[in-house]
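Note on naming: letters A, B, ... go to the chains in the order of the sequence lines (proteins, then strands), and numbering restarts at 1 for each one.
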There are 2 protein chains.
Amino acid sequence: MRRDVFQAIADPTRRAIIALIALQAMTPNAIAEHFDTTRQAVSKHLQILTECDLLRPQQQGREIYYHLEVEKLKEVDQWLAQYRSIWETRFSQLDDVLSTLKQNTK
Amino acid sequence: MRRDVFQAIADPTRRAIIALIALQAMTPNAIAEHFDTTRQAVSKHLQILTECDLLRPQQQGREIYYHLEVEKLKEVDQWLAQYRSIWETRFSQLDDVLSTLKQNTK
DNA sequence: AATTTGTGCAACCAAATAGTTGCGCGTATA
DNA sequence: TATACGCGCAACTATTTGGTTGCACAAATT
């Protein structure tokens, strides 16, 4: 089963969970209260997020607090980096060239 | 049908297509040659990427060149930004701890 | 004009996904 | 000790996904 960060953040509910937990580690029940869905549905998302190391479970008595592993998001950042350089530089230089080319071929 | 950037970049094949097109606009056939899959499969990915404005098709005779709209990736960048600040601040605090740990284990 | 080439699109299929319900196992509380 | 609570796990379902095959259409080539 494919289980990487990109897959994990593809789901809007999971991004919402990440946003919640970023502020404060929470238990499955506490998280579920923020959405109109069942605890089990949330639990599945937590499982997926945990499997790709975006979340870290911390047992505390009978409760399990899920912490966000922000570091893991660096993987997405690194992937973006290669394109960030493009959108930062390309802009001014190529824009004119492209538009003139477009006009000539018409 | 959900069609956003996060969903689009979730698939590894699509990320590979993005990487290809970032270098140079390409036609579906040309792209398909880079993977061991059919043109139609690639075509579907191109459609998804186009639907969420990550790609821009440019008809040229009977060929269609797909260009990368790098700007669209800024959406991911903006989403990341809120967490980047977290891992950057957390870092500086931990940096001292980590460096001293490193020295001790050496 | 006939053929080849580059496409998109629709129909179909297997696998993955998001969600539900029901259960069992520990941990707290009475 | 008995009961309530928080949780993970398994089974089941509906939907989405990635892929294939076959077709039609327009542009190039002969």
Side chain of A:R39 - closest among D:dG19, D:dC7, C:dT20:
D:dC7
Roughly, in whole Å, what's the span from CZ in A:F35 to P in C:dG19?
10 Å
Choose from C:dA11, C:dG19, D:dC9 the nucleotide whose nearest atom is closest to any side-chain atom of B:K44.
C:dA11
Derivation of the salt bridge (Lys or Arg N to Asp or Glu O under 4.0 Å) call for A:R3 and A:D53:
CA-CA 10 Å; A:R3 200 57 86 205; A:D53 297 321; over 6 Å; no
When rounded to the nearest 0.5 Å, the distance separating NE2 of B:H45 from OG1 of B:T37 is 6.5 Å
Presence of B:T38 side-chain N/O under 4.0 Å of D:dT20 phosphate oxygens OP1/OP2:
yes
Examine C:dG6: is either OP1 or OP2 under 4.0 Å from a nitrogen or oxygen in the side chain of B:Q59? Give yes or no.
no
From the candidates D:dA4, C:dG19, D:dT20, the one with an atom nearest any side-chain atom of A:R62 is D:dA4
Selected nucleotide, minimal atom distance to A:A41 side chain, candidates C:dG6, D:dT21, C:dG19:
C:dG19
Side-chain atoms of B:Y66 come closest, of C:dG19, D:dC7, C:dG8, to C:dG8
Side-chain contact check for B:T27: nearest option of D:dG19, C:dT7, C:dA18 is C:dT7
Just checking A:Q59: does its CD atom have more than 12 heavy atoms from other residues, nucleotides or ligands closer to it than 6.0 angstrom?
yes
Would you mind reading off the distance between B:Q7 atom CD and C:dT17 atom C1', rounded to a whole angstrom?
10 Å
Against the side chain of A:N29, the closest entry in C:dC9, C:dG19, D:dG6 is D:dG6
Side chain of B:R14, base of D:dG18: donor and acceptor closer than 3.5 Å?
no
How close or far is atom C1' of D:dA28 from atom CD1 of B:I64, stated in whole angstroms?
15 Å
What nucleic acid atoms does A:I48 come within less than 4.0 Å of, heavy atoms only: base, sugar-phosphate, or nothing?
sugar-phosphate
A:Q40 (side chain) and C:dG22 (base): donor-acceptor pair under 3.5 Å:
yes
Point-to-point distance, once rounded to the nearest 0.5 Å, from CD1 of A:I9 to CG of B:L80
6.5 Å
The nucleotide from C:dT20, C:dG6, C:dT17 with an atom nearest the side chain of B:E63 is C:dG6
To the nearest angstrom, how far is A:E33 atom CD from D:dC7 atom C1'?
14 Å
Rounded to the nearest 0.5 angstrom, the CD1-OG1 distance for B:I64 and B:T50 is 9.5 Å
Distance below 4.0 Å between A:T37 side-chain N/O and C:dT20 OP1 or OP2:
yes
Picking from D:dG18, D:dG8, C:dT7, which would you name as closest to the side chain of B:H45?
D:dG18
For the CD atom of A:Q82 and the CG atom of B:L73, what is their distance to the nearest 0.5 Å?
9.5 Å
What's the CZ-C1' distance between B:F6 and C:dT17, to the nearest Å?
19 Å
Would one find a side-chain N or O of B:S43 under 4.0 angstrom from OP1 or OP2 of C:dG8?
yes
